[in-house]
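Below: one structure, written as structure tokens.
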Amino acid sequence: RIKNHNREKERRPVSPIPRNFKIQRSSAAAATGASIKQKMLQWCRNKTRNYEGINIENFSSSWCNGLAFCALIHRFFPDAFDYSSLNPKEREKNFTLAFQTAESLADCCPLLEVSDMIMMGNNPDPMCVFTYVQSLCHSLKTEKTKKIVDGCGATTSKS
């Protein structure tokens, strides 16, 4: 009897977790990630909707010439540069302007390099762009900007 009891213990699974648990968990995590990206994408669309030449559909090709970055930053810092003078063919200039302005006025971390964006051409890495936009959104929420940034995160403040 004791030997049989030990054998039963040896045959039992180590963990009582159902086999499909990991699939369910991954699906839930993917859905949450997707909804966060969709909310951020919608926020970007809302903030840039009145800018000529900007049609944000994704976190890759929609950002490939730098104008979407410029429009998003210009929305919060309209006196920083003349958006209407920008040319979509001057990608390096646009990225440089956007990233430097975001870093100096919004205190945004320089997570993207102009040279990398140029190298990636018409299809920048969507995770890189998403991460940068998320960081920019967070930076815009800080008191340093003294702006109200609605819809891009937890709470907004009127500083």
Side-chain angles (χ1 to χ4, degrees), residues 20-159:
N20 64 349
F21 179 74
K22 287 184 180 179
I23 294 169
Q24 290 174 351
R25 185 173 174 198
S26 296
S27 297
T32 302
S35 63
I36 290 169
K37 283 184 181 177
Q38 288 305 312
K39 285 180 182 180
M40 186 64 66
L41 207 54
Q42 188 58 46
W43 180 80
C44 292
R45 284 185 196 118
N46 290 340
K47 298 302 175 193
T48 61
R49 72 175 152 237
N50 296 325
Y51 284 85
E52 188 177 333
I54 303 301
N55 182 22
I56 297 177
E57 297 177 357
N58 56 51
F59 283 110
S60 184
S61 59
S62 297
W63 304 82
C64 71
N65 62 16
L67 289 182
F69 290 109
C70 288
L72 190 56
I73 291 159
H74 187 263
R75 168 71 166 73
F76 295 95
F77 304 102
D79 297 329
F81 55 87
D82 179 13
Y83 179 83
S84 64
S85 71
L86 300 178
N87 181 341
K89 293 180 181 177
E90 295 178 321
R91 296 174 65 228
E92 185 171 357
K93 178 184 171 185
N94 298 338
F95 289 126
T96 301
L97 177 64
F99 298 160
Q100 285 180 353
T101 304
E103 189 175 350
S104 64
L105 298 182
D107 199 28
C108 183
C109 295
L111 298 175
L112 287 178
E113 294 286 333
V114 172
S115 59
D116 291 340
M117 292 300 291
I118 297 297
M119 181 188 70
M120 287 187 265
N122 291 331
N123 293 300
D125 183 301
M127 281 308 297
C128 292
V129 174
F130 172 72
T131 302
Y132 182 84
V133 171
Q134 198 172 31
S135 176
L136 176 61
C137 179
H138 178 74
S139 296
L140 289 168
K141 288 190 319 180
T142 64
E143 290 183 38
K144 284 187 176 185
T145 62
K146 302 204 185 298
K147 296 273 184 181
I148 300 170
V149 181
D150 52 2
C152 78
T155 59
T156 58
S157 62
K158 295 179 184 179
S159 310

ask   = Atom SG of Cys137 and atom NZ of Lys47: how far apart are they, to the nearest 0.5 Å?
value = 9.0 Å
task = Check whether any side-chain N or O of Asn94 sits under 3.5 Å from a backbone N or O of Ala98 as a donor-acceptor pair, and report yes or no.
result = no
task = Mind checking the CG-CH2 spacing from Leu140 to Trp43? Nearest 0.5 Å is all I need.
result = 5.5 Å
request  = With sequence neighbours excluded, give me every salt bridge (charged side-chain N to carboxylate O under 4.0 Å, His left out) pair touching residues 83-99.
outcome  = Glu90-Lys93
remark   = side chain to side chain donor-acceptor pair (under 3.5 Å) filter on Asn55, not counting sequence neighbours, yields Glu57
ask   = How many angstroms lie between NE2 in His138 and OG in Ser135, if you round to the nearest 0.5 Å?
value = 7.5 Å
Please tabulate, for side-chain N and O atoms in residues 123-134, each donor-acceptor pair with protein atoms closer than 3.5 Å (sequence neighbours left out).
residue, atom, partner, partner atom, Å
Asp125, OD1, Met127, N, 2.8
Asp125, OD1, Cys128, N, 3.1
Thr131, OG1, Met127, O, 2.7

ask   = Are any of the side-chain heavy atoms of Leu136 and Phe99 separated by less than 4.5 Å?
value = no
query = From Cys64 SG over to Leu67 CG, what is the distance, rounded to the nearest 0.5 angstrom?
reply = 9.0 Å
ask   = Would you call the rings of Tyr51 and Tyr83 parallel, tilted or perpendicular if under 30° counts as parallel and over 60° as perpendicular?
value = perpendicular
key: By side chain to side chain contact (heavy atoms under 4.5 Å, CB included) - contacts of Glu52 (at least two apart)   = none
message = How long is the straight-line distance from CG of Asn65 back to CG of Asn122, given to the nearest 0.5 Å?
response = 8.5 Å
ask   = Passes side-chain contact (heavy atoms from CB on, under 4.5 Å), Ser104 versus Phe77? Steps please.
value = CA-CA 11 Å; Ser104 64; Phe77 304 102; over 6 Å; no
task = Sequence neighbours left out, what passes side chain to side chain contact (heavy atoms under 4.5 Å, CB included) with Arg45? Give chain and number order.
result = Leu41, Gln42, Ile56
key: Pairwise side-chain contact, Ile73 with Phe81, heavy-atom cut-off 4.5 Å (strictly under)   = yes
message = Are Ile54 and Leu72 packed together at the side-chain level, in the sense that at least one heavy-atom pair is separated by less than 4.5 angstrom?
response = no
inquiry  = Pro110: which residues meet the side chain to side chain contact (heavy atoms under 4.5 Å, CB included) condition with it, sequence neighbours left out?
reply    = Glu103
message = Would you compute the distance between atom CZ of Phe95 and atom CG of Asp116 and round it to the nearest 0.5 angstrom?
response = 10.5 Å
query = What do you reckon, is CG of Asp82 surrounded by more than 12 foreign heavy atoms closer than 6.0 Å?
reply = yes
